There are 2 protein chains.
Amino acid sequence: MNRKVLVADDEEDVLDLVSANLKSAGFTVLRAADGAEAIAKARRELPALLVLDLMLPEMSGIEVCKALKGDPATAAIPIIMLTAKAEEVDRIVGLELGADDYITKPFSPRELVLRVKSVLRRLTGDSDPGDQLKVGNVTVDRARHQVRVKNRLIDLTATEFKLLTLLFERRGRVQSREQLLRDVWGYESMIDTRTVDTHMRRLREKLGGGSDCIETVRGFGYRIAEE
Amino acid sequence: MNRKVLVADDEEDVLDLVSANLKSAGFTVLRAADGAEAIAKARRELPALLVLDLMLPEMSGIEVCKALKGDPATAAIPIIMLTAKAEEVDRIVGLELGADDYITKPFSPRELVLRVKSVLRRLTGDSDPGDQLKVGNVTVDRARHQVRVKNRLIDLTATEFKLLTLLFERRGRVQSREQLLRDVWGYESMIDTRTVDTHMRRLREKLGGGSDCIETVRGFGYRIAEE
DNA sequence: CAGCGGTGTCACGCAATCGTAACATTTCCA
DNA sequence: TGGAAATGTTACGATTGCGTGACACCGCTG
């Protein structure tokens with residue numbers, strides 16, 4: 001499947017941020033700094049999706065959108081619009097310029113990645129293997145919020161699920177309790193680090209035989225075993 | 001077969017966009033900028049289908065619809081309505097207006113083309129499985145705006161219908177309350193996420209035994225059961 | 001104008017879930 | 001080998017999330 005995503009924005013910072021996040025989500029990122037470049041690259045590379053800033057120098061995102069949607073060769077490329085103000089959304093939506101989704105700045109990179117995946121999933125008709133994380137006989141399906149051990153469905157609570165997902169995403173790397181608290185519970189959680197232990201125990205219990213993949217690294221934290 | 005499609009919208013951009021996409025899908029496109037022109041061209045050209053914006057200057061899409069459906073010469077022309085809000089859908093479909101289908105803005109051009117093809121196919125007698133979503137003993141018919149449980153017709157409100165349809169389209173995947181608010185209610189609805197709960201409850205109530213397919217995923221949102 | 005259906009919000013209560021402390025066990029190193 | 005530190009385990013009170021019923025609002029219709 002084509003994993004190329006073209007990102008068009010005139011701000012270097014935005015471009016960097018978006019690129020980094022899309023890359024870590026497994027996409028190949030192409031960049032464009034203005035409208036003309038965006039159109040040229042879209043025609044040449046035929047990306048799976050285009051993230052397009054509404055405000056571009058020279059040629060606005062709207063024009064780029066129209067140009068691409070008007071050309072049979074590129075009309076099928078879905079477009080996600082970036083827009084600065086919420087008020088503009090009204091206008092865009094009213095005009096309906098053929099974008100497939102919109103995000104208003106400021107946006108969280110995580111949100112963008114989710115949106116990109118969502119749009120691609122919608123178009124390619126469901127199954128997105130990128131949302132399946134598998135280690136040993138344990139499979140995590142993020143979109144469905146389901147965990148399976150040897151194809152048997154395991155019922156996890158919200159925190160357990162988030163914890164397991166995070167560990168799977170960072171498979172092989174040790175995660176300290178502090179890190180886990182920050183990333184699973186939130187930025188300023190005033191929660192005892194020992195709480196993590198309890199949740200790990202519950203996870204292991206529920207995973208049963210599948211819990212082999214969770215390793216304790218004494219003095220540091222926890223880690224998911226590499227294959 | 002007649003491949004002419006008449007598109008009526010006062011926004012130049014929308015007209016361009018829709019035309020381009022329909023053309024690349026193999027249709028011959030006629031354009032109209034207001035209601036009077038739409039009626040005139042429909043009578044003269046007898047297109048195979050009419051895409052009609054609900055909000056037109058001078059004469060609203062509703063009036064155009066009534067006029068065409070009231071004239072034996074044009075009554076057979078199927079009409080797809082473009083509308084901004086979900087609430088309006090109730091009055092458009094199934095009632096005396098006689099529109100054959102509708103699309104709520106924002107829509108992707110791709111979606112429109114699919115809908116046009118679907119309506120045409122339906123008229124030529126071919127069944128169109130794409131319009132029927134079935135899970136368990138619950139069937140959602142998007143075009144007719146109808147929901148059945150064990151072949152018994154269920155009366156849903158506009159919001160309930162859109163909510164259910166969205167969940168069905170994303171069967172298996174968990175939808176957060178925020179996502180549902182965004183996709184069902186609109187982009188910047190300042191509505192409490194708990195409101196979703198209430199609508200889910202009403203949905204379940206109305207679906208009765210069929211409500212088994214709606215699963216609550218504690219801490220995340222809702223999901224339609226697979227199989 | 002009153003009645004009505006559709007909608008959004010609120011308060012209550014139950015049950016699942018969470019966080020913590022206390023206790024048990026393992027690991028490591030002097 | 002013994003003791004301290006780290007981790008596993010257990011139990012329990014506190015919290016949270018969600019279902020439920022009630023109610024107010026609003027546009028529509030007769």
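Naming convention: chains lettered A, B, ... in sequence-line order (proteins, then strands); numbering from 1 in each chain. Predicted model only: the values in this text are computed from it and were never measured.
Listed by chain and number, the residues in a ring pair (Phe, Tyr, Trp, His ring centres under 6.0 Å) with Phe161(A) are His145(A), Phe220(B) (sequence neighbours excluded). In terms of the side-chain hydrogen bond (donor to acceptor under 3.5 Å, both in side chains) criterion, residue partners of Arg170(A) (sequence neighbours excluded) are, by chain and number, Gln175(A), Asp183(A). Checked against side-chain hydrogen bond (donor to acceptor under 3.5 Å, both in side chains), Gln146(A) has no partners two or more places apart in sequence or in another chain. By the side-chain hydrogen bond (donor to acceptor under 3.5 Å, both in side chains) test, Arg173(A) pairs with no residue at all, sequence neighbours left out.
If you take CG on Leu180(A) and CD1 on Ile191(A), they are separated by 12.0 Å, rounding to the nearest 0.5 Å.
Comparing Glu160(B) and Thr157(A) by the nucleotide of DNA chain C whose heavy atom lies nearest to each, the residue mapping closer to the 5' end is Glu160(B).
Rounded to a whole Å, the CE atom of Met190(A) is 12 Å from the P atom of dT15(D). For the pair Asp155(B) CG and dC4(C) C1', the computed distance is 14 Å after rounding to whole Å. The separation between Lys162(A) atom NZ and dT16(D) atom C1' is 12 Å, rounded to whole Å. Atom-to-atom, CG of Leu163(B) to C1' of dT7(C) comes out at 13 Å; the value is rounded to the nearest Å. Rounded to whole Å, atom P of dT7(C) lies 10 Å from atom CG of Leu156(B). For His145(A) and dG17(D), the NE2 to C1' distance is 15 Å, given to the nearest whole Å. The interatomic distance linking Trp185(A) (CH2) with dT15(D) (C1') rounds to 15 Å, in whole Å. To the nearest angstrom, C1' of dG19(C) lies 16 Å from CG of Leu180(A).
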Throw together a table of side-chain donor-acceptor distances under 3.5 angstrom for residues 41-49 of chain B, partners on residues two or more places apart or in other chains.
{"from": "Lys41(B)", "atom 1": "NZ", "to": "Arg31(B)", "atom 2": "O", "distance (Å)": "2.8"}
{"from": "Arg43(B)", "atom 1": "NE", "to": "Asp71(B)", "atom 2": "OD2", "distance (Å)": "2.9"}

Mark up nucleotides 5-14 of chain D, 5' to 3', with B wherever a protein heavy atom is under 4.0 angstrom from a base atom, S wherever such an atom reaches only the sugar-phosphate, and - elsewhere.
BBBBBBB---

